[in-house]
A.B. asks: 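The structure's right below; bear with me while I get my questions together.
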Amino acid sequence: MSVKMRLSRHGKKGQPFYHIVIADSRAPRDGRFIEKIGTYNPLTNPAVIDLDFETALEWYQKGAQPTDTVRAILSYKGVLYRNHLLGGVKKGAFSQEEADVKFKKWLEEKEAKINAHKSEVDESERKILKDRLDAEKEVNEARMAEIKKRRAEELKAQEEAAIAAAKEAAAAEAEAKGEAPQETEEQAEEAAKEE
């Protein structure tokens, strides 16, 4: 029986979520499996990988063949490097303690890279959000300036209408009393132009 380490798809349409499983190569992709050794969520940045390290290493040493994606996941988590170091210990190239020190150093470097990437992603998200808020503020300020301008024009028009109504009322009142209406400045200017 050929055993594979592969992904079993779960989640909903457009939002995949995978289980990392050990399965017979003849079994369907999402069908029967021998053992579940972890999960993989590619939708986050960086991707969230939860892997049972020791079980994955044990199955890899027994000869389970990983698919390309699972091989990349195992490499990312250090299973392949750990297997390589254990091979060196078996051959006598170095001791188990030296292998443990090398692996620990590799894990620390890997963790530093991951944390640096996370901080870059967080910073870029903050920058995008800040740019979006600044653009929104500019649009709001432009709208407020336009509203103030319209209100000023409306107030000016209302004042002019009130002045004209007051002049008409004064003229009507003067006619009612029998007095000749006083010429306004505009009427005087028009009379001067006609002459």
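For the numbers below, each heavy atom of this structure counts, side chains included, while hydrogens, waters and symmetry mates do not.
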A.B. asks: Could you walk me through whether Lys4 and Ile22 pass the side-chain contact (heavy atoms from CB on, under 4.5 Å) test, one step at a time?
C.D. replies: CA-CA 6 Å; Lys4 285 247 186 211; Ile22 308 297; over 6 Å; no
A.B. asks: Does Lys113, at its NZ atom, have more than 12 non-hydrogen atoms belonging to other residues, nucleotides or ligands within less than 6.0 Å?
C.D. replies: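 Incorrect, the count does not exceed 12.
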A.B. asks: Got a second to check how far Asp52's CG is from Lys77's NZ, nearest 0.5 Å?
C.D. replies: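 Here the rounded value is 11.5 Å.
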A.B. asks: Looking only at heavy atoms, which two atoms of Ala64 and Met5 are closest? And how far apart?
C.D. replies: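 Smallest heavy-atom distance, with atoms named: CB-CG, 3.7 Å.
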A.B. asks: Can you establish whether the number of heavy atoms outside Asn140 located under 6.0 Å from its atom CG is more than 12?
C.D. replies: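 More than 12 within 6.0 Å, yes.
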A.B. asks: Is there a side-chain contact (heavy atoms from CB on, under 4.5 Å) between Leu74 and Val70? Walk through the geometry before answering.
C.D. replies: CA-CA 6 Å; Leu74 295 177; Val70 174; 4.1 Å; yes
A.B. asks: Are the side chains of Arg9 and Arg29 in contact, using a 4.5 Å heavy-atom criterion?
C.D. replies: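 Yes, at least one pair of side-chain atoms sits under 4.5 Å.
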A.B. asks: May I ask you to test the Thr55-Glu35 pair for a side-chain heavy-atom distance under 4.5 Å?
C.D. replies: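 Thr55 vs Glu35: side chains touch.
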A.B. asks: Is Leu51 reachable from Leu107 through a run of hydrophobic residues whose side-chain heavy atoms are each under 4.5 Å from the next?
C.D. replies: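 As far as the 4.5 Å side-chain criterion goes, Leu51 and Leu107 are connected within one cluster.
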A.B. asks: Would you say the side chain of Ile20 lies within less than 4.5 Å of the side chain of Lys36, judging by non-hydrogen atoms?
C.D. replies: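 Lys36 does not reach Ile20 side chain to side chain.
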A.B. asks: Whether the Asp100 and Gln96 side chains hold a donor-acceptor pair (N or O, under 3.5 Å, no angle test) is what I'd like checked.
C.D. replies: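 There is such a pair (donor and acceptor under 3.5 Å, judged by atom type) between the side chains of Asp100 and Gln96.
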A.B. asks: Answer yes if Ile37 and Phe53 sit in the same cluster of Ile, Leu, Val, Met, Phe, Trp and Tyr residues linked by side chain heavy atoms under 4.5 Å apart, and no otherwise.
C.D. replies: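 Yes, Ile37 connects to Phe53 through the hydrophobic network.
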A.B. asks: Using the ring centroid of each side chain, check whether Phe94 and Phe103 are separated by less than 6.0 Å.
C.D. replies: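 Ring centroids of Phe94 and Phe103 are no less than 6.0 Å from each other.
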A.B. asks: Could you list the cluster mates of Leu129? Members are the ILVMFWY residues connected by side-chain heavy atoms closer than 4.5 Å, either directly or through other members.
C.D. replies: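 Members besides Leu129, by chain and number: Leu133.
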A.B. asks: Would you call Glu58-Lys62 a salt bridge at under 4.0 Å N-O?
C.D. replies: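 Looking at Lys62 together with Glu58, the answer is yes, because their closest N to O distance falls below 4.0 Å.
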A.B. asks: When you look at Asp50 and Asn41, which way does the side-chain contact (heavy atoms from CB on, under 4.5 Å) test go after all the steps?
C.D. replies: CA-CA 9 Å; Asp50 181 29; Asn41 183 3; over 6 Å; no
A.B. asks: Tell me whether His10 at atom NE2 has more than 12 heavy atoms from other residues, nucleotides or ligands lying less than 6.0 Å away.
C.D. replies: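 More than 12 heavy atoms, drawn from other residues, nucleotides or ligands, come within 6.0 Å of this atom.
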A.B. asks: Do you see a donor-acceptor pair shorter than 3.5 Å between the side chains of Asn45 and His117?
C.D. replies: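 Side-chain D/A pair, Asn45 to His117: present.
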A.B. asks: Identify whether Trp106 and Val89 are in the same connected component of the hydrophobic contact network (ILVMFWY, side-chain heavy atoms under 4.5 Å).
C.D. replies: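 Yes, Trp106 connects to Val89 through the hydrophobic network.
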A.B. asks: Arg32 and Ala23: which non-hydrogen atoms are nearest, and at how many Å?
C.D. replies: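 Minimum heavy-atom separation between Arg32 and Ala23: O-CB, 3.8 Å.
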A.B. asks: If you compare all heavy atoms of Pro42 against all heavy atoms of Pro16, which two are closest, and at what distance to 0.1 Å?
C.D. replies: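 Looking at all heavy atoms of both residues, the shortest contact is CD-O, 3.8 Å.
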A.B. asks: Give a yes or no on whether Leu43 and Tyr76 share a hydrophobic cluster (residues Ile, Leu, Val, Met, Phe, Trp, Tyr; joining criterion: side-chain heavy atoms under 4.5 Å apart).
C.D. replies: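 They do not share one cluster, since no chain of ILVMFWY contacts under 4.5 Å joins Leu43 to Tyr76.
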A.B. asks: Carefully, step by step, assess Leu57 and Asn83 under the rule side-chain contact (heavy atoms from CB on, under 4.5 Å).
C.D. replies: CA-CA 7 Å; Leu57 180 62; Asn83 184 56; 3.8 Å; yes
A.B. asks: Taking it one step at a time, do Asp134 and Lys130 satisfy salt bridge (Lys or Arg N to Asp or Glu O under 4.0 Å)?
C.D. replies: CA-CA 6 Å; Asp134 291 343; Lys130 184 181 180 294; 3.3 Å; yes
A.B. asks: Can you see whether Phe17 has Lys12 sitting over its ring - NZ or CZ less than 6.0 Å from the centre and within 45° of the normal?
C.D. replies: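 Pair Lys12/Phe17 does not count as cation-pi.
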A.B. asks: Can you hop from Ile114 to Val121 via hydrophobic side chains spaced under 4.5 Å?
C.D. replies: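 In one cluster: no.
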A.B. asks: Can you find a pair of side-chain heavy atoms, one from Tyr18 and one from Ser8, that are under 4.5 Å apart?
C.D. replies: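 No, every pair of side-chain atoms sits at 4.5 Å or beyond.
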A.B. asks: Got a list of side-chain donor-acceptor pairs under 3.5 Å for residues 145-163, not counting sequence neighbours?
C.D. replies:
none

A.B. asks: Report the hydrophobic cluster partners of Phe33, with the cluster defined as I, L, V, M, F, W, Y residues connected by side-chain heavy atoms closer than 4.5 angstrom, directly or transitively.
C.D. replies: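 Besides Phe33, the hydrophobic cluster comprises Val21, listed by chain and residue number.
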A.B. asks: So, the side chain of Asp24 versus the backbone of Val3: is there a donor-acceptor pair under 3.5 Å, distance only?
C.D. replies: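 No; judged by distance alone, with no hydrogens or angles, the pair does not exist.
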A.B. asks: Rounded to the nearest 0.5 Å, what's the gap from CG on Leu80 to CD1 on Ile73? Could you check?
C.D. replies: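 It comes to 11.0 Å.
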A.B. asks: Within the distance-only criterion (no hydrogens, no angle test), does the side chain of Glu141 pair as donor or acceptor with the backbone N or O of Glu138 below 3.5 angstrom?
C.D. replies: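 No; judged by distance alone, with no hydrogens or angles, the pair does not exist.
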A.B. asks: Do Arg71 and Tyr60 touch side chain to side chain, with heavy atoms closer than 4.5 Å?
C.D. replies: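 They are in contact (side-chain heavy atoms under 4.5 Å apart), so the answer is yes.
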A.B. asks: Once you round to the nearest 0.5 Å, how far does CZ of Arg6 lie from CG of Asp68?
C.D. replies: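 Atom-to-atom, Arg6:CZ and Asp68:CG are 13.5 Å apart.
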A.B. asks: When you check the gap from the basic side-chain N to the acidic O, do Lys127 and Asp131 get nearer than 4.0 Å?
C.D. replies: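 Salt bridge: yes.
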A.B. asks: Any side-chain heavy-atom pair from Glu111 and Asn115 closer than 4.5 angstrom?
C.D. replies: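 Side chain of Glu111 against side chain of Asn115, heavy atoms only: contact under 4.5 Å found.
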A.B. asks: Nearest 0.5 angstrom please: Arg126 CZ to Ser119 OG, how far?
C.D. replies: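 The OG atom of Ser119 is 8.5 Å from CZ of Arg126, to the nearest 0.5 Å.
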